[in-house]
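In what follows, a structure is listed as structure tokens, so that the remarks can point back to it.
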Amino acid sequence: MSLDVEQWLLRRGVSTSDVAEIVYSLQRPYNPDLTVEECNDSVLAVLGKREVQYVLFTGIALDELAERKELPQPLQAIMEADESLYGVDETLALGITNVYGMIGLTSFGYLDKVKPGIIRKLNEKGKHVHVFLDDLVAGLAAAASARIAHQDPKANRYGCSG
Ligand code: MG
């Protein structure tokens with residue numbers, strides 16, 4: 001199923017390496033030996049969690065239904081406007097970030113504000129609806145980053161499977 005979720009992300013224009021780049025930028029200041037490959041491994045480990053996959057499937061499905069104008073009103077109109085008071089997109093994304101606790105929450109807030117890399121691209125108005133995906137990617141990057149922060153970089157960096 002982890003492969004399924006990677007396919008869903010790719011279909012929406014997001015690769016694990018896009019997310020790994022963001023994780024790298026978050027964690028590199030604290031960990032000078034960190035590599036982008038390790039960040040990508042951390043993203044894959046987070047994507048391996050069933051509760052993370054369920055959140056991603058749900059948010060991506062809503063984006064795709066909105067794009068095809070298949071949602072009931074008033075939800076369709078709210079999604080098309082990317083109404084800033086909607087907030088369910090951020091709430092859902094926290095379901096990913098919370099897997100790794102408070103450190104992830106801080107990073108999520110930062111990413112939501114700064115919108116680096118792929119998050120900014122998703123947030124630009126275009127023909128696609130990414131109401132959920134920009135927040136889900138921020139949540140995923142924050143979780144993968146927190147996962148690295150939770151590891152003891154000397155004793156356990158390669159051994160942790162969490
Ligand atoms: Mg959003």
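Whatever order the structure lists ligands and atoms in, that order sets their numbers, starting from 1. Note that the structure is a prediction, hence the values are computed from the model and not measured. Starting from 1, each residue takes its place in the sequence as its number.
The Mg ion (ligand 1) forms the vertex of an angle spanning O of V131 and OD1 of D134; to the nearest 10 degrees it equals 70°.
Shown here for L26 and S107, the closest heavy-atom pair between the two residues is CD1-CB, 4.2 Å. Listed here is the closest heavy atom pair of Y24 and L34: CE1-O, 3.3 Å.
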Subject >> Stepwise side chain to side chain contact (heavy atoms under 4.5 Å, CB included) test for E38 and Q27 >> reply: CA-CA 11 Å; E38 287 171 274; Q27 281 301 314; over 6 Å; no
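Within D135, OD2 is the N, O or S atom that lies nearest to the Mg ion (ligand 1). Atom OD2 is the N/O/S atom of D89 found closest to the Mg ion (ligand 1).
A donor-acceptor pair under 3.5 Å links the side-chain atoms of Q53 to the main chain of L47, judged by distance alone.
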